[in-house]
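Inspection log for the structure reproduced underneath, given as structure tokens.
Each chain gets a letter, A, B and so on, in the order its sequence line appears, and its residues count up from 1.
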Amino acid sequence: MTERRENAGERGSLLEARDLHVEFASRGRRARAVDGVNLAVGEGEIVALVGESGCGKTTLARTLLGLERPTSGSVLYGGAPLSYSSRALKAYRREVQLVLQDPTGSLNPRHTVYEAVAEGPRIHGMSDERDRVVSALARTGLRPPERFLHSYPHELSGGQRQRVVIAGALALDPRVLVADEPVASLDASVRGEILALLLRLRDELGLSALVVTHDLGLAWNIADRVAVMYLGRIVESGPVEQVLRSPTHPYTQALLSVLPESPSPVVLSGEPPDPTRIPGGCRFHPRCQVLAAGAAARAGVEGRCRSQPLAILPVSPFSADSHAACHYAGARLE
Amino acid sequence: MSLLRLRDVAVTYRVASGEVPAVRGVSLDLAAGQALGVAGESGSGKSTLAMALLRLLPRDARVTGEILLDGEDVLTMNWGRLRAVRWASASVVFQGAQHALNPVRRIEQQIAEPLLVHGMATPAEARRKVGELLEQVGLPAWRARSYPHELSGGQRQRVMIAMALACSPRLIIADEPTTALDVMIQAQVLALIRSLIAEHDISLIMISHDLSVLASMCDRLAVMYAGRVVESGPSGEVFRDARHPYSLALSAAFPTVGDPASRRAPKGLGGDPPDPMHLPTGCSFHPRCPVALPECAFQEVELWAAGESRTAACVHVRPESVQPAGPGEGLEKQSVPVARPAEESQ
Ligand SMILES: Nc1ncnc2c1ncn2[C@@H]1O[C@H](COP(=O)(O)OP(=O)(O)OP(=O)(O)O)[C@@H](O)[C@H]1O
Ligand SMILES: Nc1ncnc2c1ncn2[C@@H]1O[C@H](COP(=O)(O)OP(=O)(O)OP(=O)(O)O)[C@@H](O)[C@H]1O
Ligand code: SF4
Ligand code: SF4
Ligand SMILES: [Mg+2]
Ligand SMILES: [Mg+2]
């Protein structure tokens, strides 16, 4: 893991998934939770991974952290494939940190703020534990840090608790944060504060982040690039302005259309689809509004929608191009 | 006449360390067929207010004021009447209720229970009714035989809505009905609630901290802070053009995707939520208010008219005729009058 700086070129990718597949056994069937994903987070880049519940976001995030082993494909950090030996993983987790959704659930109620934040440095046998804790707390806006050191989680507000969780991650001076729904359990007014913190950490420390969420407003608020996931695949990705202002994949279009302020919602029916039964052809075709409305047929791609699978999208960090895995979008470009 | 009329409703919890004034003098009106949204941050008293409406609060809560449902005061009703009202007039979809379904009983037993308990149906009728209700909420009738763990979060929330509809209420109180759900399922559940209230002419009180959701669902909005309504008015206007600095912060927290103003500019509200046991003097929002004036630390605020059928409790909308308080004045508790649009008053 030490050669990463040499391997990663200028504005190269820091954390990358290549043709990643993660499968689980589920009631005697195979659940293809992550089913062919390319994804890259560049140095100092904030990437949002969005998609509905069950589409595989958390599984992808956990696999990037080495908490889950890919069935095939690989995770690369600084250009080198992840090594799964326990020593290598321990070193890796100093640099790539996970921040979980629910601050209450990820803090031990009997541990003080100091103990919670010091846990990482202690595991890694760092000598300057107290300094690290104090500076991590200060960086998350818990100032003066001394005021919070001996507090217990129940004495803090939800936003303060989430800051403690983030401070715990920062105490190791990581280079990448993987944050799974970092503000989902927080109040609207506190949400903005935590998001602003992530932006500031990027500006001040050059921290990269992969933010997993089903909240498109969050992506708009802080991300540079966005990847939209559907049933184990990235179906559209690119710079936030492009993807969220002029989405080309029908699924992205539907997600944007159901935002409360949008004029004509396309509410997809049915529950999030089942990764043990991924449809053939385009995996979105049973719910696709463009196909249902006959537009795909008029463009001459209906047959392909139903039977021809789409290629896995290439994803490179800082790319100025957006990509969509859709026969109809492809035909319109030609 | 208003279907529901609240006058100076206050709820205080008694706890070991003292009293928690969770709701502090709320007056609101809901006309038949209308949808009212109640917004506000965690701990502002939204659920407490909702539970008070049907006297569903724990015994350590003291409720004062007037809660008139169809002109009858819920707070002074006898138990028999209250039970009848709970089943026949109004029902609640509780916050986090998807987790409140009994895990070992089938969906049909849980939906049919109130119908059977209140002798509103025979077992055969109840079974038929359950099938109808499930179809109304977009679930196939065979789902009646399922157990809660066999359903997804969105499906469980639909079951909760079916239960709320079972006794054909005129008012539904929905406390954060979609908060735990993802965007697409949230859109499905909101569309469902919208069509049900329109078809059956049901009034709705919907509680959420997401102003954008409330604005899309409701005719009027009331924004709560520290147990009081600090702003009320037509929902679109309150959402897009808030008069109270707290409502403004709340609406800014929900960016409009595509709006350059919120790109890379998440907006939050500094400071901590108020502790109800140690509320700030004057305007309770003053420690966090970006536009506070020196007088806000001691000036009691009340809901002043802030435009056509709008009110806000902020010195910045205070009418000229009201004298600003000097230090030491205005500390006594005041009731909160509310300006109402003509069609809502009697
Ligand atoms: N350990 C496991 N065993 C079997 N199936 C699993 C396992 N973990 C996840 N899955 C399945 O994989 C799919 C993807 O799950 P995942 O948690 O990654 O989704 P998600 O996008 O994070 O959803 P949410 O937004 O609800 O958190 C789901 O269908 C889930 O049921
Ligand atoms: N049973 C209780 N005993 C004592 N205090 C309570 C009780 N229930 C609520 N409270 C307090 O009353 C205040 C209002 O709580 P309430 O649940 O009504 O808030 P809310 O606006 O619904 O918040 P949320 O958005 O988190 O659901 C809070 O300070 C809370 O801690
Ligand atoms: S490929 Fe066809 S079915 Fe799939 S999203 Fe595009 S138009 Fe819809
Ligand atoms: S009264 Fe003063 S402190 Fe309160 S909201 Fe208005 S300006 Fe802010
Ligand atoms: Mg997840
Ligand atoms: Mg509540």
Side-chain angles (χ1 to χ4, degrees), chain A residues 46 50-55 57 141 156-160 181 183-199 202-203 213-224 240-241 244-246 251 254-262 265-272 287, chain B residues 39-44 138-139 151-155 178-192 208-217 225 236 239-240 246 249-260 262-275 288:
Chain A
I46 300 181
V50 303
E52 70 198 304
S53 185
C55 73
K57 303 181 297 294
L156 305 175
S157 69
Q160 288 173 335
E181 299 281 10
V183 295
S185 61
L186 299 179
D187 240 20
S189 44
V190 181
R191 189 194 111 99
E193 294 248 289
I194 297 291
L195 296 182
L197 170 64
L198 291 177
L199 271 181
R202 185 265 294 276
D203 294 342
T213 179
H214 57 245
D215 178 353
L216 294 169
L218 185 161
W220 180 256
N221 262 167
I222 65 167
D224 303 306
V240 165
E241 278 88 354
L244 297 188
R245 292 184 93 141
S246 23
Y251 178 63
L255 279 184
L256 282 159
S257 80
V258 297
L259 294 178
E261 289 231 86
S262 135
V266 178
V267 181
L268 299 176
S269 59
E271 292 297 321
R287 296 169 88 194
Chain B
E41 78 188 321
S42 185
S44 58
L139 289 173
L151 305 179
S152 71
Q155 288 172 329
T178 61
T179 298
L181 306 175
D182 84 58
V183 267
M184 197 53 77
I185 309 293
Q186 164 169 304
Q188 290 173 2
V189 171
L190 293 180
L192 170 69
S208 175
H209 66 272
D210 188 334
L211 264 185
S212 61
V213 164
L214 292 181
S216 74
M217 292 289 291
Y225 188 82
F239 181 52
R240 274 182 292 275
Y246 175 68
L250 200 56
S251 53
F254 295 95
T256 305
V257 170
D259 174 8
S262 54
R263 178 73 181 125
R264 290 210 177 86
K267 293 189 184 71
L269 175 64
D272 285 332
D275 172 354
R288 302 169 82 187

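- For a residue to count as touching a neighbouring chain, one of its non-hydrogen atoms must lie under 4.5 Å from one of that chain's; by this rule A/Val266 touches chain B with the backbone only.
- Within the 4.5 angstrom heavy-atom criterion, no atom of B/Ala249 approaches chain A.
- Among A/Val50, A/Leu156, A/Leu199, A/Asp224, the residue making the largest number of heavy-atom pairs under 4.5 Å with chain B is A/Asp224.
- Comparing A/Val240, A/Leu198, A/Leu255 by how many heavy-atom pairs each has under 4.5 Å with chain B, the most go to A/Val240.
- Listed here is the closest heavy atom pair of B/Gln188 and A/Val267: CG-CG1, 3.5 Å.
- Among B/Arg263, B/Gln186, B/Arg288, B/Met217, the residue with the largest count of heavy-atom pairs under 4.5 Å with chain A is B/Arg263.
- Interface residue A/Leu195: backbone and side-chain heavy atoms are both found under 4.5 Å from chain B.
- Proximity to chain B is limited to the side chain of A/Leu256, based on heavy atoms less than 4.5 angstrom apart.
- For the pair B/Ser216 and A/Pro260, the tightest heavy-atom approach, listed with the atom from each and the gap, is CB-O, 3.7 Å.
- Applying the salt bridge (Lys or Arg N to Asp or Glu O under 4.0 Å) criterion to A/Arg245, with sequence neighbours excluded, gives no partner residue.
- Chain A forms the most heavy-atom pairs under 4.5 Å with one residue out of B/Gly138, B/Pro273, B/Ser262, and that residue is B/Ser262.
- The parts of A/Ala254 that come within reach of chain B are both its backbone and its side chain, each placing non-hydrogen atoms under 4.5 angstrom from that chain.
- Looking at every heavy atom in both residues, A/Gly192 comes nearest to B/Pro266 through O-CB, 3.7 Å.
- Between chain A and the options B/Gly258, B/Pro260, B/Gly268, the largest number of non-hydrogen pairs under 4.5 Å is found for B/Gly258.
- A distance of 11.5 Å separates NE2 in A/His214 from CE in B/Met184, rounded to the nearest 0.5 Å.
- For the side-chain hydrogen bond (donor to acceptor under 3.5 Å, both in side chains) test, no residue two or more places apart in sequence or in another chain qualifies with B/His209.
- Only one option out of A/Leu244, A/Leu218, A/Asp215 pairs with B/Val257 in a side chain to side chain contact (heavy atoms under 4.5 Å, CB included); it is A/Leu244.
- In this structure, A/Ser53 and B/Ile185 have side chains that are not in contact, with every pair of non-hydrogen atoms separated by 4.5 Å or more.
- Closest approach of A/Trp220 to B/Pro255, counting heavy atoms only: CD1-CB, 4.5 Å.
- Atoms CG and CZ, from A/Asn221 and B/Arg264 in turn, are 11.0 Å apart once rounded to the nearest 0.5 Å.
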